[in-house]
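Beneath this line is the structure, given in structure tokens, with notes to follow.
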Amino acid sequence: MAAGVATWLPFARAAAVGWLPLAKKTMPKPPVDNTSRSDEILYVNVSGVRFQTWKNTLDRYPDTLLGSSEKEFFYNEDTQEYFFDRDPEMFRHILNFYRTGKLHYPRHECIQAFDEELAFYGIVPEIIGDCCMEEYRDRKKENQERLAEDTEANEASDAPLPPHSTSRERLWRAFENPHTSTMALVFYYVTGFFIAVSVIANVVETVPCRPPKGSVKDLPCGEKYQLAFFCMDTACVLIFTFEYLMRLFAAPSRCKFMRSVMSVIDVVAIMPYYIGLVMPENEDVSGAFVTLRVFRVFRIFKFSRHSQGLRILGYTLKSCASELGFLLFSLTMAIIIFATVMFYAEKGTKGSTFTSIPASFWYTIVTMTTLGLVKLDSVLQKHWSQVYHQNFIRLKVRLARIRMAKKGTTNAFLQYKEDRDRDSDSTALCVKNRSAFEHQHHHLLHCLEKTTNHEFTDEMNYSELCMTESVGFRTSRSTSLSSQQGAQNNSTGCCPRRARRRAAMRLANSTVSVSRGSVQELDTLHIKTTSIPPQTRSSLNAQADDLKLNCGEQDFTAAIISIPTPPANTPDESLPPSPAPIPGILRNTRATAYTHDTVKISSL
Amino acid sequence: MAGCAKRCKQGLVKFALSLHKLVTGSLIKDKADDDLEMTMVCHRPEGLDQLEAQTNFSKRELQVLYRGFKNECPSGIVNEETFKQIYSQFFPHGDASTYAHYLFNAFDAGHTGSIKFEDFVTALSILLRGSVTEKLQWTFNLYDINRDGYINKEEMTDIVRAIYDMMGKYTYPVLKTDAPKQHVDAFFQKMDKNRDGVVTLDEFILSCQEDENIMRSLQLFENVI
């Protein structure tokens with residue numbers, strides 16, 4: 001729960017006096033609070049820098065190091081203070097979190113050092129305030145990429161050969177690190193040379209050469225020295241094929257190798273030659289064959305094995321793929337719009353080159369790229385990315401946090417009730433690892449239960465209750481008509497959708513096996529929202545079970561798995577259309593009430 | 001026809017203004033300025049001595065309370081939206097906003113639309129340290145939504161329904177739709193002595209004093225602070 005909530009709990013409990021005249025049952029006894037009432041100042045010494053704070057401040061977050069009894073391990077009796085041998089600069093931020101309830105990420109600090117401090121003090125990074133969350137995530141992503149690169153480089157480094165390695169392993173290693181043996185180095189340079197030769201040959205064969213005797217027209221060199229170029233091409237392709245086959249043989253995991261990018265490039269580089277060999281000298285298909293030769297230019301990408309820089313470029317492109325994708329999309333949109341405008345503008349005039357909209361595409365593209373409208377697009381895209389982060393990502397993070405908090409509270413309270421029932425001793429409340437705050441909060445909820453004479457329960461039990469009730473009423477037909485109707489109305493009124501959904505879920509669960517992990521990832525959840533009104537948690541809560549999550553003007557389209565609509569064979573009820581089972585899967589009510597489901601968020 | 005022309009003109013003026021803002025690049029800035037102004041409103045409570053005289057808290061307790069209050073609301077006041085958010089966090093199962101609304105009106109004795117620290121502390125003083133009569137009077141004020149001195153069935157039904165809303169959907173036994181109504185009927189049965197359909201303050205206090213359970217429960221929340 002949020003920090004500030006602890007401050008308001010006494011007033012919420014005091015306000016419970018308003019329930020007393022209405023209470024149907026007697027109120028439970030409040031939890032015994034043995035802690036001292038007066039507030040005291042604690043001294044915290046972090047590597048010589050002395051901090052002072054109220055004990056209440058630290059108690060706001062009981063599941064962190066400073067808020068729990070774990071800090072007693074660091075208590076120094078002689079100096080009457082808590083001593084931590086950590087960075088005082090970082091501690092300042094940690095302490096500010098307790099004071100203000102918001103954790104900020106200092107931009108000048110190393111992300112890993114910050115993460116380590118958070119881990120030490122038992123603070124989860126998810127509670128970083130919205131103001132610093134983007135920066136934190138960006139830095140973290142950057143850092144992870146760099147680490148990934150480093151580990152890859154380390155793996156590929158000159159580590160000594162493990163003894164008793166097979167020739168296959170040695171061969172693979174020779175391919176991956178050419179510096180290990182002379183033969184590998186030679187092979188590396190030879191392939192590099194042939195790649196260059198092949199690319200240069202491609203270019204040169206289109207240059208016009210002097211025409212042979214007896215002809216006026218200029219011929220491209222490729223046709224003049226056809227045999228020579230053909231021999232060179234054959235030699236290159238032979239070398240490339242040999243290299244590819246050797247790599248395939250040496251690869252530790254052939255499937256993985258065949259799926260890797262470099263292998264695809266290799267294949268694309270040599271296929272045109274072989275296709276050209278088997279294709280007949282037919283006029284019709286030679287056009288297509290010429291097009292295929294274009295793919296020979298992909299041989300230039302084979303250089304990325306030889307160049308670290310090219311590989312890093314590839315990683316960069318991969319990491320901002322989403323932004324690039326959007327850039328392309330917005331460019332396409334703009335092109336279509338302008339092309340249409342141009343086409344209709346010039347429709348009437350004679351001799352216009354814009355004979356159709358696609359014909360005006362070319363004009364639009366050239367104009368846009370020439371005038372640097374791509375730059376405008378990049379400006380737009382930067383703002384878009386900001387807005388996207390602000391609205392979508394933050395919303396998702398906030399929703400996920402709320403959902404986690406709600407689940408946590410619910411689970412804790414139900415656990416408390418279970419413990420209480422088991423103990424069957426109303427005076428001595430069993431003190432597990434629960435803070436005084438939790439005790440008091442549970443007491444408050446218990447008072448509410450006594451006021452209304454209903455108990456809190458979780459979804460699973462509730463749906464089971466509904467099922468038993470509705471089934472019970474169906475079987476007993478001997479009761480008087482009015483009461484039966486009334487009761488049946490009530491029971492169907494209470495959870496008709498629930499019953500349908502549960503039945504649909506059971507069927508859907510049996511037809512589609514969905515792993516728990518994949519269910520809980522919000523990867524493919526698309527949130528369409530225009531604005532986020534300052535939403536109160538209560539309205540979120542009230543509709544959270546209705547998985548359309550109508551928070552203001554938002555729409556949820558769950559696009560996870562296409563589940564075939566289960567056949568409508570549930571008794572007397574027609575199933576709702578397919579969106580219903582999907583939220584059921586999302587909800588995953590198979591989870592027991594007392595497990596904390598972690599909700600993973602991944603940015604789109 | 002005249003009204004239509006006026007509205008058209010107003011619309012045109014607004015459009016021209018927003019176009020002007022668009023051109024000068026100040027379209028978004030206004031909103032941010034507005035927000036900035038709002039947060040500058042600040043309220044300071046009366047002196048510590050005065051509050052100590054007015055309430056039943058000691059100086060230390062007031063200090064602790066104020067520190068917590070100020071930390072949460074640096075501006076010194078709590079508006080209804082914030083109040084609802086805070087209160088809802090204690091009842092994650094259901095919808096606490098309706099009851100929080102009534103509670104807010106009960107705390108906001110001066111009907112200013114916001115709770116200051118004095119209101120907060122005065123109400124707490126009554127609820128935790130007040131006499132039985134004061135507590136019951138406060139509760140009566142909570143139930144009496146329109147402040148006319150009488151609780152009628154509609155007001156009580158609203159309150160009770162708001163309380164049941166806080167339970168949420170997943171309850172045992174299953175919440176029937178007429179549960180609030182039954183609850184209100186039982187309440188009036190007990191409280192409305194002269195069966196005139198409304199409960200006055202005296203009837204309320206008398207009936208509560210007759211009920212031992214209520215009397216006993218009133219002592220429960222003494223040591224909350």
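Quick note on labels: first sequence line is chain A, next is B, and so on, each numbered from 1.
Around CD of B:E212, the count of heavy atoms belonging to other residues, nucleotides or ligands within 6.0 Å does not exceed 12. Remark: B:Y150 OH is loosely packed, at most 12 non-hydrogen atoms of other residues, nucleotides or ligands lying under 6.0 Å away. Within 6.0 Å of NZ in B:K193 there are more than 12 heavy atoms belonging to other residues, nucleotides or ligands.
Only the side chain of B:V78 comes within less than 4.5 Å of a heavy atom of chain A; its backbone N, CA, C and O stay farther away. At a 4.5 Å heavy-atom cutoff, the contact between B:L142 and chain A is made by side-chain atoms alone.
Among B:F107, B:F187, B:Y164, the residue making the largest number of heavy-atom pairs under 4.5 Å with chain A is B:Y164. Chain A forms more heavy-atom pairs under 4.5 Å with one residue of B:Q63, B:M166, B:K135 than with any other, namely B:M166. Per-residue heavy-atom pair counts under 4.5 Å with chain A were compared for B:W138, B:Y143, B:F69, and the maximum is reached by B:Y143. Highest contact tally toward chain A, considering only B:I163, B:L136, B:I159, B:L103, is held by B:I163 [criterion: heavy-atom pairs under 4.5 Å]. Contact count against chain A (heavy-atom pairs under 4.5 Å) is highest for B:F120 among B:F140, B:Y102, B:F120. Put simply, of A:N453, A:L22, A:L448, the one with the most heavy-atom pairs under 4.5 Å next to chain B is A:L22. When each of A:P21, A:A12, A:G18 is scored by its heavy-atom pairs under 4.5 Å with chain B, the top score falls to A:P21.
One finds the CD atom of A:E455 at 8.0 Å from the CE atom of B:M167 (value rounded to the nearest 0.5 Å). Here B:L127 contributes atom CG and A:R13 contributes atom CZ; the two are 12.5 Å apart, rounded to the nearest 0.5 Å. The CD atom of B:Q219 sits 13.5 Å away from the CE atom of A:M27 when rounded to the nearest 0.5 Å. To the nearest 0.5 Å, atom CZ of residue B:F90 and atom CD of residue A:Q440 are 10.0 Å apart. To the nearest 0.5 Å, the span separating CG on A:L20 from CZ on B:R216 amounts to 12.0 Å. Taken from CZ in B:F91 to NE2 in A:H441, the straight-line distance is 6.5 Å, to the nearest 0.5 Å.
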>> Could you go through B:R67 and A:T57, starting from their C-alpha distance and side-chain angles, then the distance that decides it, and tell me whether this counts as side-chain contact (heavy atoms from CB on, under 4.5 Å)?
In response: CA-CA 10 Å; B:R67 280 205 296 271; A:T57 311; over 6 Å; no

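Summarising the geometry of B:L175 relative to A:H454, their closest heavy-atom pair is CD2-NE2, 3.5 Å, with the distance given to 0.1 Å.
Remark: side-chain polar atoms of B:H183 are not paired, donor with acceptor, to backbone N or O of A:T452 under 3.5 angstrom.
A tilted orientation is assigned to the rings of A:F11 and B:Y87, their planes being inclined by 30° to 60°. Classification of the B:Y99-A:W19 ring pair by plane angle, with boundaries at 30° and 60°, yields tilted.
Within the 4.5 Å cutoff, the side chain of A:N56 has heavy atoms near those of the B:V64 side chain.
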